[in-house]
Amino acid sequence: MADRRLAPAVPAALFAGLTALVALRFAPLLRLDAAVSDAARRLALAHPAWRAVMSAITHTGDTAVLLTLALVALLALLARRHWAGAAFLAGTAAAATAIRLAVLYAVHRPRPLDRLTTVGGFSYPSGHTTSSAVAAGIIIVLGWALLPGRRSRIALAAVVGGWAALVGVSRVALLAHWPSDVVGGWLLAAAVLGAARLSCGPFSVSSGWAAQYPRQPGDRRPGRGGARAATIIGGRRLRQFRRRSRRRGGGAGPAAAGAGPRR
């Protein structure tokens with residue numbers, strides 16, 4: 001339990017340290033940011049196809065896109081009465097946005113010059129990076145409870161996590177942000193997701209699942225593979241029914257055949 005509680009503390013501490021370095025205009029960090037941004041600009045100008053791909057990826061993290069997806073997901077969770085999932089989605093998104101905006105205006109870091117995409121406002125931490133990482137984390141956490149198999153869960157985490165990582169890379173590739181802005185966005189998202197996950201506790205397949213299939217002694221937790229768990233519980237209840245039938249004399253088989261009055 002102690003290790004789980006420390007999980008969000010590590011990225012939170014790293015985010016606080018990086019924020020302090022950015023706010024103090026730490027010279028080695030500024031030089032590193034400038035060097036990476038210069039290399040990214042040369043790469044984008046030399047390879048128009050790379051720039052086009054990065055531009056397409058970066059727009060998948062736009063506020064309009066992510067907000068629309070979040071509203072659709074929230075309505076779907078509410079329609080299924082998955083209150084814990086809806087609270088996790090709304091609370092995580094709201095907390096990450098509030099913290100990011102507070103840090104954004106407190107640090108008021110300017111963006112790189114000669115940007116290759118249209119963007120405005122302050123730079124640290126990256127909004128696209130934070131929002132896409134939070135969205136990916138929410139999808140992975142909820143999908144881990146809803147998907148039935150380990151392979152499908154790992155595939156979901158790889159695809160969604162890869163997308164969020166590429167959104168962050170695209171912000172540097174197009175000079176919309178400094179590299180440390182993107183790293184700060186990832187750390188902030190990890191800290192908020194970890195804290196929200198701990199506060200919400202374990203998720204089940206749906207809020208109505210437990211009412212429809214109440215747990216029996218020895219049953220597996222319903223959140224770990226809904227279809228498989230339902231099959232296990234159904235088989236267990238069938239065996240219980242057969243045992244009761246045999247005790248009443250209505251069953252067939254060795255137990256029923258061997259039953260009879262003792263002499």
Exercise. What's the verdict on side-chain contact (heavy atoms from CB on, under 4.5 Å) for W83 and L78, showing C-alpha distance, side-chain angles and the deciding distance?
Worked result: CA-CA 7 Å; W83 312 124; L78 292 175; 3.8 Å; yes
Within the 4.5 Å heavy-atom criterion, are [X] and [Y] side-chain neighbours or not?
X: L193; Y: I138; result: yes
X: H128; Y: V119; result: no
X: P48; Y: R51; result: no
X: V192; Y: L188; result: yes
X: H59; Y: V65; result: no
X: M54; Y: T58; result: no
X: Y124; Y: W178; result: no
X: F122; Y: V107; result: no

Exercise. Yes or no on side-chain contact (heavy atoms from CB on, under 4.5 Å) for T129 and V183, after CA distance, side-chain angles and deciding distance?
Worked result: CA-CA 8 Å; T129 302; V183 175; over 6 Å; no
Problem set entry | Qualifying residues under salt bridge (charged side-chain N to carboxylate O under 4.0 Å, His left out), relative to R109, sequence neighbours excluded |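 So R109 forms a salt bridge (charged side-chain N to carboxylate O under 4.0 Å, His left out) with D33, D181.
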Using atom types as modelled, flag every donor-acceptor pair under 3.5 Å from a side chain in residues 87-100 to any protein atom, sequence neighbours excluded.
{"unit_1": "T92", "atom_1": "OG1", "unit_2": "F88", "atom_2": "O", "d": "2.6"}
{"unit_1": "T97", "atom_1": "OG1", "unit_2": "A93", "atom_2": "O", "d": "2.8"}

Between [atom1] on residue [X] and [atom2] on residue [Y], distance to nearest 0.5 Å:
X: I140; Y: L147; atom1: CD1; atom2: CG; answer: 11.0 Å
X: T130; Y: L101; atom1: OG1; atom2: CG; answer: 9.5 Å
X: I57; Y: S170; atom1: CD1; atom2: OG; answer: 6.5 Å
X: S131; Y: L69; atom1: OG; atom2: CG; answer: 12.0 Å

If you take all heavy atoms of [X] and [Y], which pair is closest and at what distance?
X: V172; Y: P179; answer: CG2-CA, 3.8 Å
X: G143; Y: R153; answer: O-CG, 4.4 Å
X: F15; Y: T19; answer: O-OG1, 2.7 Å
X: A165; Y: W186; answer: O-CZ2, 3.7 Å
X: A191; Y: P8; answer: O-CB, 3.6 Å
X: L142; Y: G85; answer: CD2-CA, 3.8 Å

Verify same cluster id: [X], [Y] (apolar side-chain graph, 4.5 Å):
X: V10; Y: L18; result: yes
X: L116; Y: V167; result: yes
X: F26; Y: L187; result: yes

Output yes when a side-chain donor or acceptor of [X] lies under 3.5 Å from a complementary backbone atom of [Y], and no otherwise.
X: R115; Y: L174; value: no
X: H82; Y: R80; value: no
X: S37; Y: A34; value: no
X: R111; Y: H177; value: no

For this session: Might you confirm whether atom CZ of R151 has over 12 heavy atoms from other residues, nucleotides or ligands at distances under 6.0 Å?
Result: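 Counting other residues, nucleotides and ligands, CZ of R151 stays at 12 neighbours or fewer.
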Exercise. Between W163 and T60, is any side-chain donor less than 3.5 angstrom from a side-chain acceptor?
Worked result: yes
Seminar exercise, completed: Hits for side-chain contact (heavy atoms from CB on, under 4.5 Å) against R41, two or more places apart or cross-chain, chain-then-number order -> L45, D114, L175
